[in-house]
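Since the structure comes first, as structure tokens, the remarks are kept for the end.
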Amino acid sequence: MDFFLHLVVTIGLWIPISMGYTLLFGKGQVMHFGPIGVSVACGYAIFVTLGATGSYIAGIAMGILVGTAVSLIFAWLALRLENDGLGVMSIAVHLAAMVIVLNWTDVTRGALGIPRIPRMPFLETLPMFALAVTLASLFWIALFVWADRSALGRQMQALSESESFAKAMGVSRAKVHTIAFVLLGLAIVSDNVFFAQYIHLLHPNDYHFPTFIFLLAIVVAGKPGSMVGAVLSSILLVLLREGLRFIDLPISVLGPMRLLLFGVILLTAVYVRRDTLFPQKRTV
Amino acid sequence: MQLLVNALIAGSLAALLSAGLSLVYGVLGVFNLALGQFALTGGYVTWWLHVSIGLPLPVSILGGVIVAAIVTWIAFEVSVAPFYRRHVFLPLVTTIAFSMILDALILLLFQERPYSIIAVKHSLHFAGVYISVEQIFLIAFTIVFLCAVAWVLHSTSLGRKIRATVQHSDAARSLGISSALLHRSVFIASGILAALGGIYLGIDQNLTPQLGFPLTIKAYAALIAGGKDNFWGTIVCAYLIALLEQLAIGLPWWGGDYIAAGFQSVVALLFIIVVLLLKPRGLFSGLRRAI
């Protein structure tokens, strides 16, 4: 039962970020490769503040502030750069965030991470935690499905198909993309509030590049831009990843094997979806 | 003076990596995010041949370069060729996937321990500057190699084909330049340049599997800052960023305090952001010929 609840929590934690990312990367075709960079900034903002003040409300407020600020920086870069340049620069921002976390040891404890993170009073048991994560996840599913079907989703798609035509129809790229970046940033804050509490530890290893590869594999495998696909793909890939625990391999082999597996899955998923991931522009 | 020498050493490594990137971007129009892993492949294979097998260093370097060239060719066929004609952004995703596969293989074969190709370095001290014989050789080699690339680009038939394709790929193809062969050649050449960078790193410092992406990003910082398809602008920016990194940690700042060396790699990012604020298309983008 505990393992089932663990799966519920893990899937519930991946769904909001994968839906936010499929809206931005899949539907909007914005080459934002830094969501885990936003995540590391939010995670440390929340739990460093919690450690300093002892208040979850202050921690979450700081997380929202930092998540929004970093998302706005990425949105600014997206408006400033060509799409492929943004891809590279967003990885650079992610790496820079990691460098700061690993070297600002007075505040972050560097590679040791922040241990003994307390859970909120009403989340101390696993069933309650799973229920809270599920409710949060349902909220984000509803929000992203609404966003996808609203003017925002249509404008994102229009901008990705032809920016000049979309602009001629009065669509503001700055406004639409900024909203999408901020929505993704807030979903990431929500994930971070739960994740470190769940394992009682905030550790930089959880924010390295393989985490992003897993996210990218979820979005590409689930059909880019599809909200249903993102949810189903989150469920399937989390089950696959957690299932690997049962293979009897030493930990020094299991980590690279996992990396290898998700690298191959991503490559295969892009191959299968090569006509829909970045489709040829429609011509008149 | 020591900071300038250090910048020359670090800049030479970045120049080798970013030179290949610039050629690939110019000719194919794609970003290759597995470049750092090609560098590590060259470095690790050279280490294995030299330290584990006991082959002489020049033979080991040759072996490292050949294996990296083969891996680069496989990477092209698997993660670039099926995709880049459909959309130039697809290889950005597929090369990330390929880089993860290479990272996993490097971790499985060599584990996380740091390795150095040469254990003992022969240090020299003159005019208040410390530099090793190996570093002098590496700097000289990089400069000679880049001059050779310049000669190929500007004085040979292959170079003219490359430059023609960079300037206008459709016009070049209509004149009979075989784009398929040229694309593979340039991509493999970029892998060889990266492998030389990785061997350079393994001789001068240590190789660790985590270096892949930081190496790639540093090279891309030079590429974006230099103007994405300006080869010489990229080289200049590689050295410029290395100099800024050295100045950032080597000079006293507020109240005589120094910035910790760990923050050095953030300098390249800040540099790019400032460049993008001032010149979004790169420092040397206006110097390129256009048709």
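Not measured: the values here are computed from a predicted model. A, B, ... follow the sequence lines: proteins, then strands. Residue 1 opens every chain.
- Across all non-hydrogen atoms, the minimal contact from A:Ala96 to B:Val266 is O-CG2, 4.2 Å.
- With a 4.5 Å cut-off on non-hydrogen atoms, B:Leu33 touches chain A through its side chain but not through its backbone.
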List the atom pairs, with distances to 0.1 Å, where a side-chain N or O of residues 215-224 of chain A and a protein N or O form a donor-acceptor pair under 3.5 Å, not counting sequence neighbours.
none

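- Within residues 201-211 of chain A, the residues having any heavy atom under 4.5 Å from a heavy atom of chain B are, by residue number, A:Phe209, A:Pro210.
- The side-chain heavy atoms of A:Arg274 and B:Thr94, taken from C-beta on, include no pair separated by under 4.5 Å.
- Within the model, atoms CE of A:Met89 and OH of B:Tyr220 stand 13.0 Å from one another, a figure rounded to the nearest 0.5 Å.
- Considering only heavy-atom pairs separated by less than 4.5 Å from chain A, the leading option among B:Asp103, B:Ile96, B:Leu102 is B:Ile96.
- Shown here for A:Phe33 and B:Val93, the closest heavy-atom pair between the two residues is CZ-CG2, 4.2 Å.
- Put simply, of A:Leu261, A:Val270, A:Ile265, A:Leu102, the one with the most heavy-atom pairs under 4.5 Å next to chain B is A:Val270.
- Interface residue B:Ile101: backbone and side-chain heavy atoms are both found under 4.5 Å from chain A.
- Nearest heavy atom pair, residue A:Gly87 against residue B:Leu92, reads CA-CD2, 4.4 Å.
- Proximity to chain B (any heavy atom under 4.5 Å) is shown, for A:Phe262, by neither the backbone nor the side chain.
- In this structure, chain B has a heavy atom under 4.5 Å from the side chain of A:Leu95, while its backbone stays farther away.
- With a 6.0 Å radius and a threshold of 12 heavy atoms from other residues, nucleotides or ligands, B:Phe263 has its CZ atom above the threshold.
- For B:Phe83, the part lying under 4.5 angstrom from a heavy atom of chain A is the side chain only.
- The distance from atom OG of B:Ser99 to atom CD1 of A:Ile213, rounded to the nearest 0.5 Å, is 6.0 Å.
- Across every non-hydrogen atom of B:Ala97 and A:Gly263, the tightest pair is CB-O, 3.5 Å.
- For A:Trp104, the CH2 atom is loosely surrounded, since the number of other residues' heavy atoms within 6.0 Å does not exceed 12.
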Ignoring hydrogens and angles, write down the donor-acceptor pairs under 3.5 Å from the side chains of residues 239-246 of chain A, residues two or more places apart or on other chains.
{"from": "A:Glu242", "atom 1": "OE1", "to": "A:His6", "atom 2": "NE2", "distance (Å)": "2.9"}
{"from": "A:Glu242", "atom 1": "OE1", "to": "A:Arg245", "atom 2": "NE", "distance (Å)": "2.6"}
{"from": "A:Glu242", "atom 1": "OE1", "to": "A:Arg245", "atom 2": "NH2", "distance (Å)": "3.0"}

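- Interface remark: B:Phe31 contributes side-chain atoms only to the contact with chain A (heavy atom separation under 4.5 Å).
- Heavy-atom neighbours of chain A within the stretch residues 205-217 of chain B, taken at a separation under 4.5 angstrom, comprise B:Phe213, B:Pro214, B:Ile217.
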Steps toward side chain to side chain contact (heavy atoms under 4.5 Å, CB included) verdict (A:Leu260, B:Met100): CA-CA 7 Å; A:Leu260 189 67; B:Met100 285 293 113; over 6 Å; no
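- Residue contact with chain B, scored on non-hydrogen atoms closer than 4.5 Å, involves the side chain of A:Leu77 exclusively.
- For A:Leu81, the part lying under 4.5 angstrom from a heavy atom of chain B is the side chain only.
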